[in-house]
Every structure is written in C-alpha cells, then in structure tokens.
Amino acid sequence: MRRGDKAQAEVTPLSLYLRRREFLALGAGSMVGARAVARVALASETELPRLTGVRNSPYSTEEEPTPYKDVTSYNNYYEFGTDKADPAAHAGSFRTRPWTVAFEGEIAKPQTVAIDELLSWFTLEERVYRMRCVEAWSMVIPWVGFPLADLVKRLAPTPKAEYVAFTSVFDPSQMPGQRRGTLNWPYVEGLRLDEAMHPLALLAVGLYGRVLPNQNGAPLRLVVPWKYGFKGIKAITKVRFVSKEPPTTWSRMAPSEYGFYANVNPAVDHPRWSQARERRIGEFFKRPTLPFNGYADQVAHLYDGMDLRRHY
Ligand code: MTE
C-alpha cells in the first residue's frame, strides 16, 4: 500500500481472520502433515489483512519506505533465533489470539485487557518512521499503531509513576529461543514516563497498512524512533508503571554496551564499532547517522542537562 492510498475496502474482521487462520493451520496439520502447515503459515504472510480506518499522521518522514520484503525478513527477535532470517522462518505459526495485556503498578485502575478490546480504544495512525539499529543498519518503516501517550493518559498514572516497564510474552513452547539461554527471558524494556508520553512514541499493531507480521512483534510492539531498535520490544503482554528505573534486557546482558536510554548518538561509539554511519537496507553507500536518529528537534529537550555519553 502506498501512503495516501487508504483503500477502505471491506475486509474480514481481524479476530475472525485470525481464528480462521488458526483453524486452517490445525486442520491442515492433522490431515496432511507438517508441509501443509508450513504452506498455510507462508501464505498468511502475504495475506495479512488490511487494517481499516487508519488515518495519516503529520509525524511521518517523506523518505522512501524500505520494501515490505526486507522489513519482514531481516529481523531481530531472539525468541525465534539469533539469525536475521530466523524470525521470518520460525514465527509464522506463533499464536497472537487469544492475547491479553496486563496494565499494572502505579496507575488509577490496574487491569488486564484483551488485545481486541485494547484496539477498540484507539484510532489507528500510519507513521512512517526512520528506524536505526544499534548494529549500524537502518530502515524506513510505515508502522500502523496508536500513540503510547494516549494509552498512558487513559491509564492515569499516579504521582509515583516515573517509568514504564514493558514485558514480552514468555512461552517457550512456541518460542524456540526461550528454550535456550541466549537472553534472560522474558525480554524486558523500559522508558521514562516523559519519554513514554512523547507524541512520537508509538505502539504498533501493523505495518504497510496490514496487520503486524509475527516476526515484527505481533500483536503489539513498541516503536521509539529516536532510540536504537532494541527499545522496540515485541509481543508485549505486560506494561507496569514504576517509580524506579526498570531493568532492560540488553543492558542486563552487556551493561558496557547497552544502556537504559539507548538514544541514537553518532558521537558515541559502541565499544565494538562506530555509530557514526549506517547502512540503509537496500542502499549501497553508507549514510551519516543523525543525532536522535533525525528526531532531535522533537526530542532533544527531554535530555537537557544529561550527559549523553554517560547515559547511553
Ligand atoms: N523484542 C523481543 N521480544 N525480542 C527481541 O529479540 N529485538 C529487538 C527489538 N525488540 C527483540 C525485540 C531488536 S535488537 C531490534 S533491532 C528490533 O526489535 C527489531 O525490530 P524489527 O524486526 O521489527 O525491525
């Protein structure tokens, strides 16, 4: 789908579609074996339903989006393996319904909400964002989602809430990576409350106008375009409002390499490589990396007075 081309054609409602897909996968599996299951899973990647009622956002970059194929086949999602091709190869049959998200901690009304109810609370927006991975590659991705700030406001944090802690699903039966000790499971991430309230912070449920592919973090993932990609926690099941800085998976694994803030900063080298340049997937020549990934005008004030060499 191209931006501006908002086809509002009737499509199968998402929940119905997902139930049907699960039914097909089960049926095919029991009747004709694993190869048929693989084919259903593969077909589903190109048949993900369109999301309707999506409005355009003034926050989109005009840069050319990275092709859908690259966005959905070059991924970091260690629950499905450490190779960039593993998530697309192994996440196809991951079940994203039923799915609940627990909202906990310092908020007016802690509650657990089914994903489809959560979606009914918000109008979806398309936001085309530059994304920069700490591994020095980047993409431009047309996300579909809703502002995290809208969710935070609705949950009404108490005065004690200073950070938001996110937790990914823990399901070793479905996630082969969680049967190995590659990372501390489940994957966790966090934002300061004012970062979470920033209008650029997005909770994504789709990309390219369609339902989010499993390898990109379905059914719900965080997108923070001024930070390195690892902040974008996938398959979120818990959001907890807390008073202290929460642990994050990568800073726990390698504190000298990955900090809590993870702001894109070309002036500070990663201990093992430079952060000054990046390779936009699909391009040959590297391009300079911009402070805050090009979003400095909007977000730099959040870090006034902080030493961003220390708080990396
Ligand atoms: N979330 C979970 N649960 N597990 C992961 O391994 N990888 C992170 C982030 N979110 C990761 C995760 C990293 S390192 C990156 S760069 C982005 O997801 C990649 O998102 P993408 O595959 O949609 O580009």
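We're numbering straight along the sequence, starting at 1. Side chains are part of it too, since the values below use all heavy atoms of this structure and drop only hydrogens, waters and symmetry mates.
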Worksheet, complete the sentence: To the nearest 0.5 Å, atom CG of Leu308 lies from atom CG of Asn263 at 6.0 Å

Worksheet item: Is Tyr295 linked to Val268 within one hydrophobic cluster, defined over Ile, Leu, Val, Met, Phe, Trp and Tyr using a side-chain heavy-atom separation of less than 4.5 Å?
Response: no

Worksheet item: Parallel, tilted or perpendicular: which fits the ring planes of Phe94 and Trp99, with parallel below 30° and perpendicular above 60°?
Response: perpendicular

Worksheet item: Does Thr66 reach the side chain of Met131, with side-chain heavy atoms less than 4.5 Å apart?
Response: no

Practice prompt. Quick one: pull up NE2 in His270 and OG in Ser256 and give me the separation to the nearest 0.5 Å.
Written response: 8.0 Å

Worksheet entry | Basic-acidic side-chain contact under 4.0 Å: Glu79, Lys234 | no

Fill in: Full working for side chain to side chain contact (heavy atoms under 4.5 Å, CB included) between Phe170 and Gln178
CA-CA 8 Å; Phe170 181 66; Gln178 289 183 336; 3.7 Å; yes

Worksheet item: To the nearest 0.5 Å, what is the distance between CZ (Arg287) and CD (Glu278)?
Response: 6.5 Å

Item to complete: Evaluate the criterion side chain to side chain contact (heavy atoms under 4.5 Å, CB included) for residue pair Val205 and Leu212; output intermediate values, then yes/no.
Response: CA-CA 5 Å; Val205 299; Leu212 200 59; 5.5 Å; no

Worksheet item: Are side-chain heavy atoms of Phe292 and Val264 found at a separation under 4.5 Å?
Response: no

Practice prompt. Check for a donor-acceptor pair, side chain of Glu104 on one end and backbone N or O of Lys238 on the other, with a separation under 3.5 Å.
Written response: no

Worksheet item: Is there a donor-acceptor pair closer than 3.5 Å between any side-chain N or O of Thr167 and the backbone N or O of Val188?
Response: no

Response to the item:
In short, Gly177 meets Trp185 closest at the heavy-atom pair O-NE1, 3.3 Å

Worksheet item: Does the side chain of Glu106 pick up a donor-acceptor pair with the side chain of Tyr163 at under 3.5 Å?
Response: no

Item to complete: Compare all side-chain heavy atoms of Tyr303 with those of Glu195 and state whether any distance is below 4.5 angstrom.
Response: yes

Practice prompt. Mark yes or no: Lys231 above the aromatic ring of Phe260, with NZ or CZ under 6.0 Å from the six-membered ring centre and no more than 45 degrees from the axis.
Written response: yes

Fill in: Donor-acceptor contact present, side-chain Asn293 to main-chain Arg130, <3.5 Å
yes

Practice prompt. For the residue pair Phe122 and Leu203, establish whether any side-chain heavy-atom pair is separated by less than 4.5 Å.
Written response: no

Worksheet item: Taking the side chain as C-beta and beyond, is there a heavy-atom pair between Gln111 and Leu155 under 4.5 Å?
Response: yes

Worksheet item: Gln215 side chain to Thr72 main-chain N or O, any donor-acceptor pair under 3.5 Å?
Response: yes

Worksheet item: Below 4.5 Å, heavy atoms only, C-beta onward: do Leu220 and Ile115 meet side chain to side chain?
Response: yes

Worksheet item: Same cluster for Leu290 and Trp137 if Ile/Leu/Val/Met/Phe/Trp/Tyr side chains link at under 4.5 Å?
Response: no

Discussion item. Tell me if a side-chain donor or acceptor on Arg221 pairs with a main-chain N or O of Gly232 at a distance below 3.5 Å.
Written reply: yes

Worksheet item: Of Trp250, Tyr78, Tyr77, which meets side chain to side chain donor-acceptor pair (under 3.5 Å) against Tyr187?
Response: Trp250

Worksheet item: Is Trp273 reachable from Ile281 through a run of I, L, V, M, F, W or Y residues, each pair having side-chain heavy atoms under 4.5 Å apart?
Response: yes

Worksheet item: Is Thr158 close to Phe241 at the side-chain level, that is, under 4.5 Å between some pair of heavy atoms?
Response: no

Discussion item. Please find the pair of heavy atoms, one from Pro186 and one from Ser168, that lie closest to each other, and give the distance.
Written reply: CB-O, 3.3 Å

Worksheet entry | Tyr228/Tyr258 aromatic ring centres below 6.0 Å | no

Worksheet entry | Non-hydrogen side-chain atoms of Val224 and Leu200 separated by less than 4.5 Å | no

Worksheet item: Which pair of non-hydrogen atoms, one from Gly190 and one from Pro246, has the smallest distance, and what is that distance?
Response: CA-CG, 4.1 Å

Discussion item. Between Val113 and Trp121, does the side chain to side chain contact (heavy atoms under 4.5 Å, CB included) criterion hold? Intermediate values first, please.
Written reply: CA-CA 11 Å; Val113 181; Trp121 292 355; 3.7 Å; yes

Item to complete: Using only heavy-atom distances, determine whether the side chains of Ser138 and Arg132 contain a donor-acceptor pair under 3.5 Å.
Response: no

Discussion item. Does either side chain, that of Tyr129 or that of Arg127, offer a donor lying less than 3.5 Å from an acceptor on the other one?
Written reply: yes

Worksheet item: To the nearest 0.5 Å, what is the distance between CG (Asn76) and CG (Asp83)?
Response: 10.0 Å

Worksheet, complete the sentence: Given the options Lys84, Arg279, Arg272, Glu135 meets salt bridge (charged side-chain N to carboxylate O under 4.0 Å, His left out) only with Lys84

Item to complete: List the steps, then state whether side chain to side chain contact (heavy atoms under 4.5 Å, CB included) holds for Tyr261 with Met306.
Response: CA-CA 11 Å; Tyr261 281 93; Met306 280 178 71; 3.6 Å; yes

Practice prompt. Nearest 0.5 Å please: distance from the CD atom of Glu257 over to the OH atom of Tyr312.
Written response: 9.0 Å

Worksheet item: CZ/Phe166 to CG/Leu222 distance, rounded to the nearest 0.5 angstrom?
Response: 5.0 Å

Response to the item:
In terms of heavy-atom contacts, Phe80 and Pro87 come closest through CB-CA, 3.9 Å

Fill in: Side-chain (Arg50) to main-chain (Gly209) donor-acceptor, under 3.5 angstrom
no

